Amino acid sequence: METLLKEEIKGKTLSGAEAVAQCLIAEGVETLFGYPGGAIMPVYDALYDYQNELKHVLARHEQGAIHAAQGYARSTGKVGVCIATSGPGATNLITGIADAQIDSTPLVCITGQVHSHLLGTDAFQETDVVGISMPVTKWNYQVTRAEDIPAAIAKGFYVAKSGRPGPVLIDITKDAQFGTFEFIYKPCQHVRSYVPKRAVDQASIVKAAELINQAKKPLVVFGQGVLLGKAEAEFKQILEKAGLPAASTIMGISALPTEHYLYMGMLGMHGNYAPNVLTNSCDLLIAIGMRFDDRVTGNVEKYARQAKVIHFEIDPAEVDKIIKTDVAVVGDCKEALNQLLPLLENRSHVGWLNEFQRLRDLESEQLIQSELEPESGEITMGEVIEQVNRITKGEAIVVTDVGQHQMMACRYAKFKRSRSLITSGGLGTMGFCLPAALGAKIGMPDKQVVAIVGDGGVQMTIQELGTIMQTGAAVKILVLNNQFLGMVRQWQELFFDKRYSSTMMINPNFQLIAQGYGIESRKVEKREDLNEALKNMLEHEGSFLLEVAVGQEFNVFPMVPTGSSVSEIRLK
């Protein structure tokens, strides 16, 4: 990486602020997202001289900046970078940092800080962002001397992207940004006592292969670890050789093409019927790159009690944390699956696959057909997403917010390629979608990026329409408007006697708002107008906001009620 530095820079005297820019260039950063302010102003002044090397995207709010960095990281597989000032600028990043931590998104966040002699004095725009962010970062550090900046940034990038990825925060005091030193950058390749991934234990691979070869009713449950480990090809080979049916967590969606004959759908509270029910019928549960989140397991005391469990996981802290395993394969997913493949027998499990098909047919007859192809009544979220599938043919990157539309998109959107679904999984952050879609489009400019968002979530970060306007990013924004905070309303209907407390939304005119930002817009209220409007949106050269009025009291099913077993999932 040192070769990425301009030769005339090495060994030269630079300010700390200039060093920040040079470190980012050395790490291969091309795009960063941020918002300037007093304590980070020296760095922004330095960036002025590096506009050809570093593209800075000016968000309209720091939360928008970090969600955009997340979308960029998730779509490209690179480290996302965001930058903010001290005090409120830094604290506005915290939600995004927490989101990135729980969803294992590699980020480097750089914040400005007051002069070091003012630390702890409650100076203007001073907050202890290192203390605040400690629980939600993989690593954080405060720099008070200019000469410490290169080592801190090098370590930050290494920690963020190695092993199980995550967010890093580096807080730099203003005097460190102004200070000068002889600049040398060395990329970090090792941190004492930090083991990003363990060597895969061959004995555990042999035991896993034996259990898989003996199983009569195996089920693979996979998560984002397959994507993060870049193990999609190996994963597909494993499934096909051993004839293993597989179901994904929300975060694992698109690691396997959704039309693959061994893909059984999504697991979890609003997942597909067959994989949820048959979790409690399988004799072997093979978990790959997932962490047994409560939305996947339902009642842990009733989860797969009859099955032996194999867990492939890079983070040893996740093994036996929720579900007791019979065989734990700790290490890199790609390496582990490569070692497993030659030990597996060729099998098909036809009878077992037929059990899945029977339940899939039942879900289709009782639920899916009426949601995707309703003959009358209000427009459904499902039919909107199905129309998007037909037009994009599964080639688009879909970004969602959080709520009913998220569950419907995860259930019904089709994907041919990996890293095609970007959503907030573990934290469930409303407001994530719009800026994350912007970041995804900037990261993958040749891809169609469709932001699917509710009327509640879009208003949490609606100011980022200004960032879309300024960048010219051709993001397609699909607002599914049911005039409610839909998922909360659903729970109020089912479990709180329809007492709709503070969930009804009186919304603005989204077309006028889009017009104010120079974004083409349209609203659809009739089914016969839907297909044409979607085509117009997706074929439009620039950004486009399409609002679709959908049923107000629509509920997302299937559903695993709180406290229930996954096999007690309800179709109605």
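Residue indices begin at 1 and follow the sequence shown. The structure presented is a predicted model; accordingly, all values stated were derived computationally and were not measured.
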For [X] versus [Y], what's the shortest heavy-atom pair and its separation?
X      : Y      : value
Cys282 : Ala307 : O-CB, 3.4 Å
Ala160 : Val108 : CB-CG2, 4.2 Å
Met264 : Asn272 : O-CB, 4.1 Å
Ala287 : Phe292 : CB-CZ, 3.5 Å
Ala215 : Asp283 : CB-OD1, 3.7 Å
Pro275 : Gly265 : CG-C, 4.5 Å

Short N-O contact, Arg489 and Glu493, less than 4.0 angstrom: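 Salt bridge present between Arg489 and Glu493.
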Are Glu313 and Lys321 close enough for a salt bridge, meaning some N to O gap below 4.0 Å?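 Salt bridge between Glu313 and Lys321, a charged N being under 4.0 Å from a carboxylate O: no.
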I'd like to know whether [atom1] of [X] has more than 12 heavy-atom contacts from other residues, nucleotides or ligands below 6.0 angstrom.
X      : atom1 : answer
Lys138 : NZ    : yes
Lys334 : NZ    : yes
Arg295 : CZ    : no

Could you check whether [Y] and [X], counting side-chain N and O atoms only, form a donor-acceptor pair closer than 3.5 Å?
X      : Y      : answer
Asn507 : Gln459 : yes
Thr392 : Gln448 : no
Gln406 : Thr423 : yes
His260 : Glu240 : yes

Say whether, by atom type as modelled, one donor and one acceptor occur between the side chain of [X] and the main chain of [Y] under 3.5 angstrom.
X      : Y      : result
Asn299 : Gly563 : yes
His311 : Met290 : yes
Asn213 : Leu343 : yes
Asn389 : Lys414 : yes
Asp320 : Thr325 : yes
His270 : Pro558 : yes
Arg527 : Gly377 : yes
Gln237 : Asn338 : no
Thr279 : Ala304 : no
Asp332 : Lys197 : no

Distance-only donor-acceptor hits, side chain of residues 217-226, under 3.5 Å, sequence neighbours excluded:
unit_1, atom_1, unit_2, atom_2, d
Lys217, NZ, Glu355, OE2, 3.4
Gln224, NE2, Asp103, O, 2.8

Mind running side chain to side chain contact (heavy atoms under 4.5 Å, CB included) on Met408 and Phe554 for me, showing each step along the way? CA-CA 11 Å; Met408 297 304 287; Phe554 165 83; 3.7 Å; yes
Report the residues that fulfil side-chain hydrogen bond (donor to acceptor under 3.5 Å, both in side chains) with [X], sequence neighbours left out, ordered by chain and then residue number.
X      : value
Ser104 : Arg164
Tyr303 : none
Glu373 : Arg390
Tyr261 : none

Measuring from atom [atom1] of [X] to atom [atom2] of [Y], what distance do you get when rounded to the nearest 0.5 angstrom?
X      : Y      : atom1 : atom2 : result
Phe235 : Ile288 : CZ    : CD1   : 5.0 Å
Met407 : Met559 : CE    : CE    : 11.0 Å
Met381 : Tyr412 : CE    : OH    : 12.0 Å
Ile66  : Thr95  : CD1   : OG1   : 9.0 Å
Asn481 : Asp455 : CG    : CG    : 4.0 Å
Leu362 : Ile368 : CG    : CD1   : 10.0 Å

Step by step, work out the side chain to side chain contact (heavy atoms under 4.5 Å, CB included) result for Val524 and Leu546. CA-CA 8 Å; Val524 170; Leu546 176 62; 3.8 Å; yes
Begin from the C-alpha positions of Arg291 and Ile322 and carry the test side chain to side chain contact (heavy atoms under 4.5 Å, CB included) through to its verdict. CA-CA 8 Å; Arg291 57 185 179 83; Ile322 308 294; over 6 Å; no
Which one of Val479, Thr461, Leu545 satisfies the side chain to side chain contact (heavy atoms under 4.5 Å, CB included) criterion with Leu434? Thr461
Within the structure provided, determine whether [X] and [Y] are in side-chain contact (heavy-atom separation under 4.5 Å).
X      : Y      : result
Val300 : Ile323 : yes
Phe312 : Ile205 : yes
Phe484 : Tyr500 : yes
Val398 : Ile452 : yes
Glu232 : Leu227 : yes
Arg74  : Met251 : yes
Met487 : Met430 : no
Glu365 : Asp361 : yes

Output, in order, the C-alpha distance, side-chain angles, deciding distance and verdict of side chain to side chain contact (heavy atoms under 4.5 Å, CB included) for Arg417 and Glu395. CA-CA 7 Å; Arg417 304 181 190 281; Glu395 297 284 355; 2.7 Å; yes
Selection residues 241-257 - residue pairs positive for side-chain hydrogen bond (donor to acceptor under 3.5 Å, both in side chains), sequence neighbours left out: Ser248-Tyr263
